[in-house]
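What you are looking at is a predicted structure, and each value in this text was computed from that prediction instead of being measured. As the structure lists them, so they are numbered: ligands from 1, and atoms in each ligand from 1.
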Amino acid sequence: MTAKTLDDLLEAGVAGRHVLVRSDLNVPLEDGAVADDGRIRASLPVITALADAGARVVVMAHLGRPKGTADPAFSLRPAAERMAELAGREVRLAADVTGASAREESANLPDGGILLLENVRFDPRETSKDDAERAALAAEMAALTGGRVSSESAPATLGAYVDDAFGAVHRRHASVYDIAGLLPSYQGGLVFRELDVLSRLTGEPDRPYVVVLGGSKVSDKLAVIDNLMDRADTLLIGGGMLFTFLKAQGHEVGASLLEEDQIPVVTDYLERAEKGGCRIVLPTDIVMASAFAADAEHEVLPVEALTSGAHGAAALGLDIGPETRVAFSEEIRRAETVFWNGPMGVFEFEAFAHGTRTVAQSLTESTGLTVVGGGDSAAAVRALGFDDAQFGHISTGGGASLEYLEGKSLPGVDALEHSATDHGTDHGAGHDAARAGA
Ligand SMILES: Nc1ncnc2c1ncn2[C@@H]1O[C@H](COP(=O)(O)OP(=O)(O)O)[C@@H](O)[C@H]1O
Ligand SMILES: O=C(OP(=O)(O)O)[C@H](O)COP(=O)(O)O
């Protein structure tokens with residue numbers, strides 16, 4: 001069974017209905033302002049299409065990983081403000097996720113109005129491993145769409161849910177997964193298009209097929225290597241994850257990002273690679289810095305020099321070195337298919353942006369299919385002056401696209417296949433479901 005799409009929902013009728021939309025608004029912030037609005041722009045078409053059709057749009061999204069507390073540093077306010085600017089219309093922000101503010105704002109939303117709930121991860125149940133906890137939160141979210149009689153245009157309606165958060169479809173979270181069982185659910189255009197493009201990399205990709213991995217979500221990304229090794233010809237490893245590989249090879253990595261408990265996993269990958277099949281290419285030189293700072297003193301060290309630990313326990317690797325840049329560039333330019341997720345270094349600091357810039361530049365010079373995935377990777381290429389059009393596709397999801405390429409099922413995609421039936425704007429349709437848990 002395939003998921004219903006936004007067009008199906010618009011056809012069913014949305015005027016006067018509350019529609020919950022899960023978007024990925026997890027944007028980088030700088031001094032409290034949105035540093036890259038790519039994900040907001042990508043989310044707007046679905047939100048405005050629904051609002052234009054008279055829906056009362058309640059947007060749910062996360063920002064960062066606030067660990068279940070309402071930490072103001074992770075407020076969605078900057079995203080709401082930027083969304084309002086881009087959409088040229090009011091976007092209200094609730095002060096909570098499903099509390100008094102969300103309930104009141106949602107109940108008072110006019111037809112065509114847009115409300116953004118506060119960061120769904122302020123509620124610890126959003127990411128809970130306990131099914132009952134997530135289900136309870138999802139029921140409160142669903143209840144935001146019902147419990148009141150709608151406008152004249154639709155005297156009594158059931159809410160609906162649209163998943164348009166491609167970057168989060170790999171998360172079994174309340175607002176991504178559990179909610180879909182409670183409301184008629186639809187796939188947004190962004191998720192649809194992303195899956196469509198990425199499906200070109202899963203069947204028979206043109207070879208050599210090179211996957212470039214970096215970034216800071218080390219444990220997430222180390223896990224995807226397992227399946228990617230069966231699919232890609234070459235894996236180029238940079239960013240924060242490379243240090244777990246180097247440590248596994250007996251090098252000292254100082255204060256660099258490291259997942260000690262993943263060393264056996266990484267050792268297994270290296271042994272499998274040696275036996276043939278996929279090649280794992282590791283950096284041969286590293287930019288080691290004295291501190292995590294834009295102006296930190298730094299030097300290029302060949303990987304062998306790390307073994308002695310002479311660089312000290314406080315030194316940390318913040319970029320791949322020049323020799324590695326040349327090697328990675330050659331691999332990328334030789335490839336027929338390239339998928340890249342995760343900056344090669346701390347590109348936000350110019351001194352450590354060279355590796356990321358070289359990889360981006362090499363993708364633009366490749367004649368094959370090039371796909372960049374990930375919020376920070378997309379932000380990096382834009383921040384470094386590249387244009388989206390220079391790449392085959394810029395995906396809004398890094399982890400999500402990697403898990404898709406691995407062949408894994410995605411909770412946010414699967415959940416839509418088991419959604420409630422939509423009775424459209426028929427009088428009295430299904431209020432019980434929307435009220436569940438209210
Ligand atoms: N060697 C490194 N040490 C610490 N952080 C790194 C390193 N290399 C890259 N990063 C950081 O990784 C972050 C992006 O990682 P991630 O979220 O995994 O990427 P994406 O959002 O593209 O999937 C960037 O903020 C960058 O500064
Ligand atoms: O930024 C995201 O993913 P990405 O860094 O893999 O592109 C998504 O918003 C998901 O965030 P999460 O990895 O904290 O669940």
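In terms of protein heavy-atom proximity, atom 11 (O) of ligand 2 is nearest to H62 NE2, 3.2 Å. Summary of contacts: the protein heavy atom closest to atom 5 (O) of ligand 2 is K217 NZ, 2.7 Å. With hydrogens left out, the protein atom closest to atom 27 (O) of ligand 1 is E348 OE1, 2.7 Å, a heavy atom. The protein atom (non-hydrogen) at minimum distance from atom 10 (C) of ligand 2 is G167 O, 3.4 Å. Looking only at heavy atoms of the protein, atom 22 (O) of ligand 1 is closest to S377 OG, 2.5 Å. Counting only heavy atoms of the protein, atom 5 (N) of ligand 1 lies nearest to V346 CG2, 3.6 Å.
Summarising the local packing, OH of Y177 is surrounded by 12 or fewer heavy atoms from other residues, nucleotides or ligands at distances under 6.0 Å. Annotation for R200: atom CZ does not count as buried by contact number, only 12 or fewer foreign heavy atoms lying within 6.0 Å. Heavy-atom neighbours of R77 CZ from other residues, nucleotides or ligands within 6.0 Å: at or below the threshold of 12. Around the CZ atom of F349, the shell of radius 6.0 Å holds more than 12 heavy atoms that belong to other residues, nucleotides or ligands.
Contact check for R39 versus N26: side-chain heavy atoms found under the 4.5 Å cut-off. V59 is not listed as a side-chain neighbour of L115, based on a closest heavy-atom distance of 4.5 Å or more. Side-chain contact between V162 and V46: present, with at least one pair of heavy atoms (C-beta onward) separated by less than 4.5 Å. For the pair M60 and L116, the minimum side-chain heavy-atom distance is 4.5 Å or more. Proximity of L20 to I179: side-chain heavy atoms (C-beta onward) are separated by under 4.5 Å at one or more points.
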* **CA sep, side-chain torsions, deciding dist, call: T284, E323, side-chain hydrogen bond (donor to acceptor under 3.5 Å, both in side chains)** => CA-CA 7 Å; T284 52; E323 188 179 270; 2.6 Å; yes
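With ligand atoms numbered from 1 in the order given, ligand 1 contributes 1 (N), 2 (C), 3 (N) to contacts under 4.0 Å with heavy atoms of G317. Proximity to R171 (heavy-atom distance under 4.0 Å) selects the following atoms of ligand 2: 12 (P), 13 (O), 15 (O). Which parts of ligand 1 touch F243 is read off a 4.0 Å heavy-atom cut-off, strictly below it: atoms 1 (N). The ligand atoms of ligand 2 that sit less than 4.0 angstrom from a heavy atom of G399 are 4 (P), 6 (O). Residue contact check: G240 has heavy atoms under 4.0 Å from atoms 1 (N), 2 (C), 7 (C), 8 (N) of ligand 1. The G375 neighbourhood of ligand 1 comprises atoms 21 (O), 22 (O), with distances under 4.0 Å to a heavy atom of that residue. Interface atoms of ligand 2 facing G398, defined by a heavy-atom separation under 4.0 Å, are 4 (P), 6 (O), 7 (O). Atoms of ligand 2 found under 4.0 Å from any heavy atom of G374, numbered from 1 in the order shown, are 7 (O). Heavy-atom proximity to G375, at under 4.0 Å, picks out these atoms of ligand 2: 7 (O). Of all the atoms in ligand 1, the ones that sit under 4.0 Å from a non-hydrogen atom of G239 are 1 (N), 8 (N). Listed by atom number, the atoms of ligand 1 under 4.0 Å from K221 heavy atoms are 16 (P), 18 (O), 19 (O), 20 (P), 23 (O). Of all the atoms in ligand 1, the ones that sit under 4.0 Å from a non-hydrogen atom of N341 are 20 (P), 22 (O), 23 (O).
Under the 3.5 Å distance criterion, with hydrogens and angles disregarded, no donor-acceptor pair is assigned to the side chains of H393 and R193. No side-chain N or O of H173 forms a donor-acceptor pair with one of T127 less than 3.5 Å apart. Side-chain contact, E140 with T98: a donor N or O sits under 3.5 Å from an acceptor N or O.
Not one N or O of N341 is nearer than 3.5 Å to an N or O of ligand 2, by distance alone.
Contact analysis leaves D376 out of contact with ligand 2, as no non-hydrogen atom separation drops below 4.0 angstrom.
Only the side chain of R121 comes within 4.0 Å of ligand 2, counting heavy atoms alone; its backbone N, CA, C and O stay farther away. The proximity of R39 to ligand 2, defined as any non-hydrogen pair under 4.0 Å, is limited to the side chain.
Comparing A289, G345, S216 by heavy-atom distance to atom 9 (C) of ligand 1, the nearest is G345.
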